[in-house]
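Only one structure is covered here, and it is reproduced in the block below.
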Amino acid sequence: MHYVVVDIETTGLDPVADDILEIGAVRLVNGEIVDMYQTFVRPSRPIPPDIEALTGISLAMVEHALALTDVIPALLAFIGEVPIVAHNLPFDRAFLQRKSEQAGYHLASGDGVCTLNLGRVLAPRLHSHRLEYLARRLSIERTAEHRALADAQATAKLLVRLAEKAQKLPISVLDRLSQMAALYSPATADWFRAVIDGVPTDAVAGQDKIVERDGLAFTKPSGEGADDILSQGASLEPFRVEDIANRARALLEPGGALSQILDGYEPRKGQLEMLEKVGQAFAEGKHALVEAGTGTGNRWPTLCLRRCMP
């Protein structure tokens, strides 16, 4: 895998009205940083106090820096035809495209890999996917925060850690992620394919612990009772949906067991409709998603069906 990881510091969020203050980039080849690029850029306007406080970049640091028209050619030469990577790629890409055009140049490719999106996909339970938070959670060392080169280095290391994390997923899941990514980002789809190609042989052999059902991948349960769990769906096959539903319906209908046990019990049409759907799901070993309105008494159909299961 060969990428150029880019990070920029700017005077604001608007690629049209705001300026780039600093650019940092690293060349990442097969998980190793092999080259780096960093430069300040002389802004056309004063640096807002909040930006100076956030980045530590003062006017004294950039007032004698290169102009944008001198920086862009060197940056584009460093990037070449290699896919770019950034944390929140749309932000960096919008600035680089706009400033390249202003300087009379063209950014070769608008596509790339966004580690922010990858983090959301591969670590969905984290409450934040900001670069500093992901770096801390994944034990990525950082020399500074909100400085272009340091953030580019951290993003490169994050991309490597995310690849390691992705390689623990089932091959079938990675393949689907690659197919979905191809709909909006061929570079991201290629990244997932490269991750698949890099899965160790012993990890591929361990894929026999994965069970797929209805397009979802599950880890096989282990220990006592595992075989019973895996065979539950098959044990229902000899029983017809009508048999199971009729037994449960007899409990719910007027004069049934619930009417005899519970004072004031009244059968409801919604319960019987739910019973049919859930009963079919039980019999076929599938999941059922049912939306029951207030007052339906949605617990009773499920409980009755379970009571009638063989």
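Computed from a predicted model, the values in this text were never measured in an experiment.
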Qualifying residues under salt bridge (charged side-chain N to carboxylate O under 4.0 Å, His left out), relative to [X], sequence neighbours excluded:
X      : value
Glu132 : Arg130
Asp175 : Arg193
Asp19  : Arg45
Glu22  : Arg147

remark   = Sequence neighbours excluded, the answer for ring-ring contact (aromatic ring centres under 6.0 Å, His included) partners of Tyr133 is His127
query = Would you find more than 12 non-hydrogen atoms of other residues, nucleotides or ligands less than 6.0 Å from Tyr105 atom OH?
reply = no
ask   = Within a radius of less than 6.0 Å around CE of Met36, do more than 12 heavy atoms belonging to other residues, nucleotides or ligands occur?
value = no
4.5 Å side-chain heavy-atom contact, [X] and [Y]:
X      : Y      : value
Ile84  : Leu89  : yes
Leu134 : Arg137 : no
Asp35  : Val26  : no
Val85  : Trp191 : no
Val113 : Ser185 : no
Leu75  : Tyr37  : yes
Leu174 : Val195 : yes

Determine whether a donor-acceptor pair (N or O, by modelled atom type, separation under 3.5 Å) exists between the side chain of [X] and the backbone of [Y].
X      : Y      : answer
Asn30  : Met1   : yes
His129 : Leu118 : no
Glu9   : Ile20  : no
Arg42  : Ala65  : yes

Distance, nearest 0.5 Å, that separates [atom1] of [X] from [atom2] of [Y]:
X      : Y      : atom1 : atom2 : value
Ile23  : Thr10  : CD1   : OG1   : 11.0 Å
Leu122 : Leu162 : CG    : CG    : 5.5 Å
Asp18  : Arg98  : CG    : CZ    : 12.0 Å
Glu101 : Lys99  : CD    : NZ    : 10.5 Å

Looking at every non-hydrogen atom in both residues, tell me the closest pair between [X] and [Y] and how far apart they are.
X      : Y      : value
Ser100 : Ile72  : OG-CG2, 3.8 Å
Phe95  : Leu13  : CE1-O, 3.8 Å
Ala150 : Thr143 : CB-OG1, 3.4 Å

Among the clusters formed by ILVMFWY side chains lying less than 4.5 Å apart, do [X] and [Y] turn up in the same one?
X     : Y      : result
Val5  : Leu116 : no
Phe91 : Leu54  : no
Val29 : Leu158 : no

[X]: partners by side-chain contact (heavy atoms from CB on, under 4.5 Å), with sequence neighbours left out:
X      : value
Val160 : Leu28, Glu164
Ala181 : Tyr184, Thr188, Ala189, Phe192
Val82  : His2, Val4, Arg27

ask   = When Ile, Leu, Val, Met, Phe, Trp and Tyr are grouped by side-chain heavy atoms lying under 4.5 Å apart, directly or through other members, which residues fall in the same group as Val62?
value = Leu21, Phe40, Ile47, Ile51, Ile57, Leu59, Met61
With sequence neighbours excluded, give me every side-chain hydrogen bond (donor to acceptor under 3.5 Å, both in side chains) pair touching [range].
range            : answer
residues 56-66   : none
residues 149-163 : Arg142-Asp151
residues 66-92   : His87-Thr115

task = Evaluate the criterion side-chain contact (heavy atoms from CB on, under 4.5 Å) for residue pair Leu149 and Asp7; output intermediate values, then yes/no.
result = CA-CA 7 Å; Leu149 183 58; Asp7 187 84; over 6 Å; no
